[in-house]
Amino acid sequence: MATDTEATQGAAGVSGSDTLTITDNRTGQTYEVPIQDETIRATELRQIKVNPDDFGLMTYDPAYMATASCRSAVTFIDGDRGILEYRGYPIEQLAEKSTYLEVAYLLIHGKLPTQSELDEWTYQVTMHTFVHENIKEFMQGFRYDAHPMGMLLAATGAMSTFYPEASAVKDEEIRYAQVVRLIAKMPTLAAFSYRHNQGKPYVYPDNDLSYAGNFLSMIYKMTELKYQPDPRLEHALDVLFILHADHEQNCSTSAVRSVGSSQVDPYSAVAAGVAALYGPLHGGANEAVLRMLRRIGDVSNVPSFIEGVKSGNERLMGFGHRVYKNFDPRAKIIKKAVEEVFEVTGKNPLLNVATELEKIALEDEYFISRKLYPNVDFYSGLIYEALGMPVEMFPVLFAIGRTSGWIAQWLEMIDDSEQKIARPRQIYTGGRRLDYVPINGR
Ligand code: SDX
């Protein structure tokens, strides 16, 4: 079950002690294994052997369904109660009262900033929005129709070659400079990849604008001297960045932690996160949702699509979650933001298809029994589309927001004395001690 305050305090069992007594029926031996934070250390199982030279027992947990890989204080999720907190602050309050840069500070520094800290943080990020001109030339090498997430993946990794000092991951001052650069430059790289796809000249950052406003300017500015973002769209995008900022040990964050555990520079580790987020089961789901809604086309086609899902021929993209077995609190907030954006852009008829899908799915036993509810990706694509973004840009927008979470988790991993290079074990299922067969004998 997802961590829950009572559970992690470990209600004392029958014997009153926080231990697990394991009997190995192969040998009749028993073992006492300590329980801490609702977990046992897998390495405790190594003592359980039949023969003294055995390796000892391990756990086998494909996709890590029941394996904690780290201790973290960054994000708390209670999947059964639909609770999401960044450094202990409920996502609902942060979405309503904070800004993305303040939330990024909170995630990375572990506390809400004072005004002077926020001003300095904002100044540092603002003053680092430009990228080296060679990155622009590098990005122009992509095909005109290259997927922008593939471009962002490459450009993020390429940044490690522009800041070779970033490999000094234990040097706090050098490390912090890369943290600021990553937060500052991801929107620039994202916007450059969009403009490349559009065949339009790249727009340089406008440091007079807010974080979200500057991104909109780099996306949409044409011949006007100064782009003026619509404050309602600017606010909606800032809220979306907040909602996507972190989500504990999701697939892409685990990739950042695992790759970062080799002590590679943060650009390469974050590039691994971009790669994982690209997948349609993860950050690519928002793109898949829009394609799905367009394919359904009209509310009248929803029942037959739902039947397709139930017969296993379709997947209801934007529904389901590994942790949330109730509603995803972010989906509720995004649904509200959709209305705010549609006030400006006009209502997208696909919203009717989405709300009909949600209505039917929430009443249908197939989805209820599998605890499938709308996740963060179900409605976000409607906002991105309303902002005029092509579907290929949706995971890129997710990556901009998630960069602060990836960095916060990476910093926590680097400073965690319990962590070392990630290197899982395996259950070997292949052949053994085979003799080489010459090619004319095969
Ligand atoms: C994100 O981990 C995070 O925190 C991720 C994220 C973040 O902020 O980082 O929240 C962001 O990635 C959100 C998820 C976006 N992905 C999608 O919307 C893609 C559609 N959803 C799924 O593919 C699925 O629900 C996952 C990948 C999200 C979760 O998969 P699990 O936990 O491995 O669950 P599962 O695939 O084993 O599904 C359990 C059952 C299966 O049915 P049975 O085999 O038991 O009959 O539910 C079914 C699945 O077939 N199922 C779905 C479904 N999702 C699961 N059936 C139809 N439509 C779906 N969307």
Side-chain angles (χ1 to χ4, degrees), residues 1-3 61-69 72 74-80 82-86 91 95 103 107 149 240-257 273-293 296 302 305-334 354 357-358 360-362 364-382 394-395 397-406 408-409:
M1 192 177 89
T3 49
D61 188 11
Y64 314 117
M65 302 288 279
T67 294
S69 62
S72 178
V74 179
T75 291
F76 176 86
I77 298 176
D78 182 324
D80 290 330
I83 294 172
L84 169 58
E85 296 169 352
Y86 291 161
I91 191 67
V103 166
L107 288 168
M149 198 64 170
L240 281 169
F241 286 155
I242 290 174
L243 296 175
H244 287 83
D246 194 56
H247 214 240
E248 57 142 275
Q249 304 313 314
N250 58 83
C251 178
S252 55
T253 297
S254 303
V256 170
R257 278 178 167 263
V274 175
L277 195 69
Y278 197 174
L281 293 186
H282 191 14
N286 51 25
E287 176 180 351
V289 167
L290 235 295
R291 294 183 192 282
M292 173 188 77
L293 294 176
I296 296 169
V302 167
F305 179 81
I306 289 282
E307 286 314 308
V309 172
K310 291 161 71 173
S311 57
N313 300 323
E314 296 280 0
R315 180 148 280 227
L316 184 50
M317 300 311 277
F319 260 67
H321 200 276
R322 174 63 55 76
V323 177
Y324 289 123
K325 297 309 173 190
N326 199 322
F327 60 91
D328 179 336
R330 301 168 297 178
K332 293 180 115 178
I333 298 168
I334 289 179
L357 268 175
E358 181 183 20
I360 293 181
L362 295 185
D364 188 303
E365 192 47 35
Y366 176 91
F367 300 96
I368 296 169
S369 62
R370 289 169 174 78
K371 299 188 174 186
L372 300 178
Y373 296 87
N375 59 48
V376 67
D377 293 304
F378 189 63
Y379 284 105
S380 56
L382 286 171
F394 293 4
L397 291 160
F398 194 145
I400 293 174
R402 187 53 54 91
T403 296
S404 55
W406 287 332
Q409 299 273 352

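Read the numbers this way: they start at 1 and go in the same order the structure lists the ligands and their atoms. Side chains are part of it too, since the values below use all heavy atoms of this structure and drop only hydrogens, waters and symmetry mates. The structure displayed is predicted, hence computed values, not measured ones.
Listed by first and then second residue, the salt bridge (Lys or Arg N to Asp or Glu O under 4.0 Å) pairs involving residues 311-325 are Arg295-Glu314 (not counting sequence neighbours).
Here the CG-CG distance, from Leu372 to Leu362, works out to 10.0 Å after rounding to the nearest 0.5 Å.
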Test log, rule ring-ring contact (aromatic ring centres under 6.0 Å, His included), inputs His321 and Phe378
CA-CA 11 Å; His321 200 276; Phe378 189 63; over 10 Å; no

Does the side chain to side chain donor-acceptor pair (under 3.5 Å) test come out yes or no for Glu358 and Tyr379, once each step is laid out?
CA-CA 10 Å; Glu358 181 183 20; Tyr379 284 105; 2.3 Å; yes

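A donor-acceptor pair is defined here as one N or O able to donate and one able to accept, closer than 3.5 Å; no such pair exists between the side chain of Tyr373 and the backbone of Tyr324.
Near ligand 1, residues His247, Asn250, Leu281, His282, Ala285, Val309, Arg315, Leu316, Met317, Gly318, Phe319, Gly320, His321, Arg322, Arg330, Tyr366, Arg370, Leu372, Asn375, Asp377, Phe398, Arg402 each place a heavy atom inside the 4.0 Å sphere around the ligand atoms.
Taking the six-membered ring where the residue is Trp, Phe398 and His244 present perpendicular rings, their angle passing 60° and hence far from 30°.
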